[in-house]
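Comments concern the structure below.
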Number of protein chains: 2
Amino acid sequence: MKKIDIFKKLRSSGLRPTKQRVEIAKFLFEREKTFHFTVESLNKLLTKKSASKIALATIYNTVHAFKTAGHLSEVEVRGNKTYFDTNVSNHHHFYDSDTSELIDIDANDIIIQKIPKAPNGKKIKNVEVFINLKN
Amino acid sequence: MKKIDIFKKLRSSGLRPTKQRVEIAKFLFEREKTFHFTVESLNKLLTKKSASKIALATIYNTVHAFKTAGHLSEVEVRGNKTYFDTNVSNHHHFYDSDTSELIDIDANDIIIQKIPKAPNGKKIKNVEVFINLKN
DNA sequence: TTTTCACTTTAGAATAATTATAAACTAGAA
DNA sequence: TTCTAGTTTATAATTATTCTAAAGTGAAAA
Ligand SMILES: [Mn+2]
Ligand SMILES: [Mn+2]
Ligand SMILES: [Zn+2]
Ligand SMILES: [Zn+2]
């Protein structure tokens, strides 16, 4: 994803391409593979990488803005911190609790044969499979 | 589950059957169906139900002791609070985000046909399926 | 029974993640 | 350039949870 695309991505979401947002967006979206992170880990990586430091509140604001805009998804992981994911398509995860690392599983790599029907007037929004790993 | 069984359950886990633990254990385990709760919700329900009030720290201590003893499991739900589950067998969940309600799905009611192999020297510990509901 | 003491409870302080506040700053329309 | 709504930021506040250390208690042993 090029710089111009980052600008488009932000503008099309109604987000002004500020210095901070562009820097965070470049860091998050200009990469080949999915990136899973917490606000804390993102903050550390950004501090290490860049010259100018971005306030923690701005990182929270920006991550939430990106999530609301559909550029990030939230992954549920046991523990206190919230995990985010640059992969916003329907997919699943391996989770290695030793390293606290998430690994993507393509939606097509898991086939569910039998599934119960949703209760009382409810519908199924989506199905998430979480595979816990051990050594 | 009878009172005597509650005592056995506690003793066999190396937990002294104190007044507080017995009261919490009776509330949690003397019921037909699975009970999903947060420490906050449990605290409210116990306060409503019982005469003597139990300190919040004791509820935290007790819930963790029960979890460590294998009498409770933890369910991962999007959000800030930790959810616990009196169903400690391998099973899955529906989640209704409108009501923040969890509903059990028996392990046999979901059959997974295709699953990717675990990465590099890791093994699969368990597979959790989470079905999000909508109206 | 009484004594004893490790285990437990408790109120309150501490911590950690996240969100709110409100003042200073800035992108970009006019 | 000016102007202003949107944004950033330092800091305070909030929320869930854990820690601390003093007081209380179950139950083994005397
Ligand atoms: Mn979580
Ligand atoms: Mn959670
Ligand atoms: Zn992912
Ligand atoms: Zn359950």
Side-chain angles (χ1 to χ4, degrees), chain A residues 3-4 6-27 36-47 50-69 71-72 74-84 100, chain B residues 3-4 6-27 36-47 50-69 71-72 74-84 100:
Chain A
K3 191 173 188 181
I4 183 66
I6 291 286
F7 271 72
K8 275 187 195 163
K9 187 165 198 157
L10 294 174
R11 282 242 170 70
S12 67
S13 317
L15 298 168
R16 270 193 206 168
T18 62
K19 185 158 54 75
Q20 293 86 345
R21 284 178 178 159
V22 170
E23 184 172 330
I24 296 172
K26 286 178 70 175
F27 185 80
H36 299 106
F37 63 95
T38 64
V39 169
E40 186 198 27
S41 72
L42 177 59
N43 186 36
K44 274 186 189 148
L45 291 168
L46 284 171
T47 302
S50 107
S52 55
K53 78 158 120 337
I54 301 176
L56 186 59
T58 301
I59 298 179
Y60 273 101
N61 289 341
T62 303
V63 165
H64 280 133
F66 289 176
K67 188 194 167 193
T68 300
H71 304 317
L72 290 174
E74 191 182 324
V75 186
E76 201 38 59
V77 177
R78 226 159 296 248
N80 25 316
K81 293 175 203 160
T82 304
Y83 279 72
F84 294 92
S100 297
Chain B
K3 192 173 188 180
I4 183 67
I6 292 286
F7 271 72
K8 275 186 194 161
K9 187 164 197 157
L10 293 174
R11 283 243 169 68
S12 66
S13 318
L15 297 169
R16 271 193 205 166
T18 62
K19 185 157 54 75
Q20 293 85 346
R21 284 177 178 160
V22 170
E23 183 172 331
I24 295 172
K26 287 179 71 176
F27 186 80
H36 299 105
F37 63 96
T38 64
V39 169
E40 187 198 26
S41 72
L42 176 60
N43 186 37
K44 274 186 189 148
L45 291 168
L46 284 172
T47 302
S50 107
S52 55
K53 79 158 123 332
I54 302 176
L56 186 59
T58 301
I59 298 179
Y60 272 102
N61 289 342
T62 303
V63 165
H64 280 133
F66 289 175
K67 188 195 167 191
T68 300
H71 303 318
L72 289 174
E74 193 183 322
V75 186
E76 201 39 60
V77 177
R78 225 160 297 247
N80 27 315
K81 293 175 203 160
T82 304
Y83 278 72
F84 295 92
S100 298

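Residue numbers start from 1 in every chain, and the chains themselves are labelled A, B, ... in the order their sequence lines are given, proteins ahead of strands.
- Distance check, rounded to the nearest 0.5 Å: CZ of A:Phe84 to NE2 of A:His64 gives 4.5 Å.
- Side-chain N/O atoms of A:Gln20 and A:Thr62 include no donor and acceptor closer than 3.5 Å.
- A:Phe37 places none of its side-chain heavy atoms less than 4.5 Å from the side chain of A:Leu45.
- B:Val63 and B:Leu72 make their closest contact through O-CD1, 3.8 Å (heavy atoms, listed as atom of the first residue, atom of the second, distance).
- Nearest-nucleotide positions on DNA chain D place A:Thr58 closer to the 5' end than the other of B:Thr38 and A:Thr58.
- When every heavy atom of A:Leu15 is checked against every heavy atom of A:Ala65, the shortest pair comes out as CD2-CB, 3.9 Å.
- Of the listed nucleotides (C:dA17, D:dA16, D:dC19), D:dA16 has the atom at the smallest distance from the side chain of B:Asn80.
- Contact between the side-chain N/O atoms of B:Thr82 and the OP1/OP2 oxygens of D:dT17 is found at a separation under 4.0 Å.
- One atom, CG of A:Leu10, and another, P of D:dG6, lie 16 Å apart when rounded to the nearest Å.
- The salt bridge (charged side-chain N to carboxylate O under 4.0 Å, His left out) contacts involving residues 59-68 of chain A comprise A:Lys67-A:Glu74, where partners must be two or more places apart or lie in separate chains.
- Here C:dT8 is the nucleotide among D:dT9, D:dT17, C:dT8 with the atom lying nearest to any side-chain atom of B:Arg21.
- Straight-line distance from the CD1 atom of A:Ile54 to the P atom of D:dT9: 7 Å, rounded to whole Å.
- Taking atom NZ on B:Lys81 and atom P on D:dT17, their separation rounds to 8 Å, with Å as the unit.
- Atom-to-atom, CD1 of A:Ile24 to C1' of D:dT9 comes out at 13 Å; the value is rounded to the nearest Å.
- Residue A:Asn43 contributes atom CG, which lies 11 Å from atom P of D:dT9 at whole-angstrom precision.
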Item to check | Nucleotide-resolved protein contact map, nucleotides 24-30 of chain D, B/S/- at heavy-atom distance under 4.0 Å | outcome: -BBS---
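- Taking only side-chain nitrogens and oxygens, A:Tyr60 never comes nearer than 4.0 Å to OP1 or OP2 of C:dT19.
- Side-chain atoms of A:Val39 lie closest to C:dT18 of the nucleotides D:dT17, C:dA20, C:dT18.
- Picking from C:dT18, C:dA11, C:dT9 the nucleotide with the shortest atom distance to the side chain of B:Asn61 gives C:dT9.
- For C:dT26, the OP1/OP2 oxygens have no side-chain nitrogen or oxygen of A:Gln20 closer than 4.0 Å.
- In this structure, CD of B:Glu76 is placed 14 Å from C1' of D:dA16, rounded to the nearest angstrom.
- Annotation: side chain of B:Leu56 is in contact with side chain of B:Val39 (closest heavy-atom distance under 4.5 Å).
- The distance from atom CD1 of A:Ile59 to atom P of D:dT7 is 17 Å, rounded to the nearest whole Å.
- Remark: B:His64 is not in phosphate contact with D:dT17, judged by side-chain N or O atoms under 4.0 Å from OP1 or OP2.
- One atom, NZ of A:Lys67, and another, C1' of C:dT19, lie 14 Å apart when rounded to the nearest Å.
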